[in-house]
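Notes for the one structure printed next.
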Amino acid sequence: MSLKKVYDKLFKELGPQNWWPGDSEEEIIIGAILTQNTSWNNVEKAIRNLKKENLCDFGELNNVEIQKLAKLVYSTGYYNQKAKRLKRIASYFMKNPIIKFKSKPLADMRQDLLGINGVGNETADSILLYAFHKPMFVIDNYTKRVFYRLGYLSKNISYVKAQDYFTESLPQSQELFNEFHALIVKFAKLNCQRKPNCQKCFMAKWCKYKQSRS
DNA sequence: CGCCAGGGCCTCA
DNA sequence: TGAGGCCATGGC
């Protein structure tokens, strides 16, 4: 089954996911930092705190005290690190306004984001795809797990190699990349957890992992 | 109680 | 370039 067929199946079973939950580019970027290795539920609380203080704004974030910021994002874990990371990314976009940033070639945008301490592959690509609507496929541990089990990716494939595979196998559509990644997350939470629920899984029929276990 | 969540950095081979 | 330690709360 082609990757596009997998997408069609997931979409048919799970429906549209309406990602990314966020009202502005800045809020989406903030969420991308805060959700690093953290459940979205914990992030929502922090974003509400930031909004109350009018801090979903890079100008304000750039000036706020680091201790105050760390307290507001406490619920997301790693709060000291994440406070610093938010300050760094706010500082970056104060020096490089988003409106100008978005006019650069995609590869340059990606490189520049990766140059910010605290922004790795997944965070950079989430920002490009979900905040700036660029056709950049996001890989995460869910993607690696699901597509390793289905039989598309090797066990410990690198981020970039996994991304190349998706990029080369799919039409270059921002809308498709957006929905596909969101569906993968939903599917991984629903059926394809660390301890998978293969009995009730609608993908079991096409899954090598299921076949190897049964 | 343990496990894991919409990772990334640093260090050391 | 890859493995291991570290950061840390909250839901189950």
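Naming: A, B, ... by sequence-line order, numbering from 1 per chain.
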Ordered by number, residues from residues 155-186 of chain A within less than 4.0 Å of DNA chain C (heavy atoms) are none
Partner of A:Lys51 under salt bridge (Lys or Arg N to Asp or Glu O under 4.0 Å), picked from A:Glu60, A:Glu27, A:Glu26, is A:Glu27
A:Asn141 atom CG, over 12 foreign heavy atoms within 6.0 Å
no
Intermediate values then yes/no, ring pair (Phe, Tyr, Trp, His ring centres under 6.0 Å), A:Phe137 and A:Phe180:
CA-CA 9 Å; A:Phe137 201 91; A:Phe180 204 168; 5.8 Å; yes
Going by atom types alone, do A:Thr38 and A:Lys82 pair a side-chain donor with an acceptor below 3.5 Å?
yes
Nucleotide of B:dC4, B:dC9, B:dG7 approaching A:Arg194 most closely (side-chain heavy atoms)
B:dC4
Tell me the interatomic distance from A:Lys195, atom NZ, to B:dA5, atom P, rounded to whole angstroms.
14 Å
Determine the contact category for A:Val119: base if any of its heavy atoms lies under 4.0 Å from a base atom, sugar-phosphate if only primed atoms, P, OP1 or OP2 are that close, otherwise nothing.
sugar-phosphate
One should report the stems of DNA chain C, each a stretch of at least three consecutive Watson-Crick or G-U pairs at distances under 3.5 Å, as B:2-5 with C:9-12, B:7-13 with C:1-7
note: A:Leu190, atom CG; B:dA5, atom P; distance rounded to Å ~ 15 Å
Rounded distance in Å - CG (A:Asn141) to C1' (B:dC3)
15 Å
Could you tell me the separation between the CG atom of A:Leu113 and the C1' atom of B:dG7, rounded to a whole number of Å?
15 Å
Is there side-chain contact between A:Glu179 and A:Trp19, with at least one heavy-atom pair below 4.5 Å?
no
Under a 4.0 Å threshold between the charged nitrogen and the carboxylate oxygen, would A:Asp8 count as salt-bridged to A:Lys12?
no
Between A:Glu25 and A:Lys102, is there a side-chain heavy-atom distance shorter than 4.5 Å?
yes
Gap between atoms NZ and P, on A:Lys189 and B:dC3 respectively (whole Å):
21 Å
Whichever of A:Leu114 and A:Trp40 has its nearest DNA chain B nucleotide further upstream toward 5'
A:Trp40
Separation of atom CD in A:Gln193 from atom C1' in B:dA5, rounded to whole Å
12 Å
Compare every heavy atom of A:Arg85 with every heavy atom of A:Gln36, then report the nearest pair and how far apart it is.
OE1-NH1, 2.7 Å
For A:Glu122 and B:dC9, give me the distance from atom CD to atom C1', rounded to whole Å.
15 Å
On a whole-Å scale, what distance lies between the P atoms belonging to B:dC10 and C:dA8?
15 Å
Ignoring backbone atoms, establish whether A:Arg145 has a side-chain N or O less than 4.0 Å from OP1 or OP2 of B:dA5.
yes
Would you say that A:Phe202 contacts A:Leu10 through its side chain, given a criterion of any heavy-atom pair below 4.5 Å between the two side chains?
yes
Report, as a single string ordered 5' to 3', how protein heavy atoms within less than 4.0 Å touch nucleotides 6-12 of chain C: B base, S sugar-phosphate only, - not at all.
-BBBSS-
Taking atom types as modelled and ignoring hydrogens, do the side chains of A:Thr143 and A:Asp140 form a donor-acceptor contact shorter than 3.5 angstrom?
yes
Closest non-hydrogen contact found for A:Ala90 with A:Asn62 is CB-N, 4.1 Å
Is A:Lys9 atom NZ crowded by more than 12 heavy atoms from other residues, nucleotides or ligands, each under 6.0 Å away?
yes
Using whole Å, report how far CD1 of A:Ile116 lies from C1' of B:dC9.
15 Å
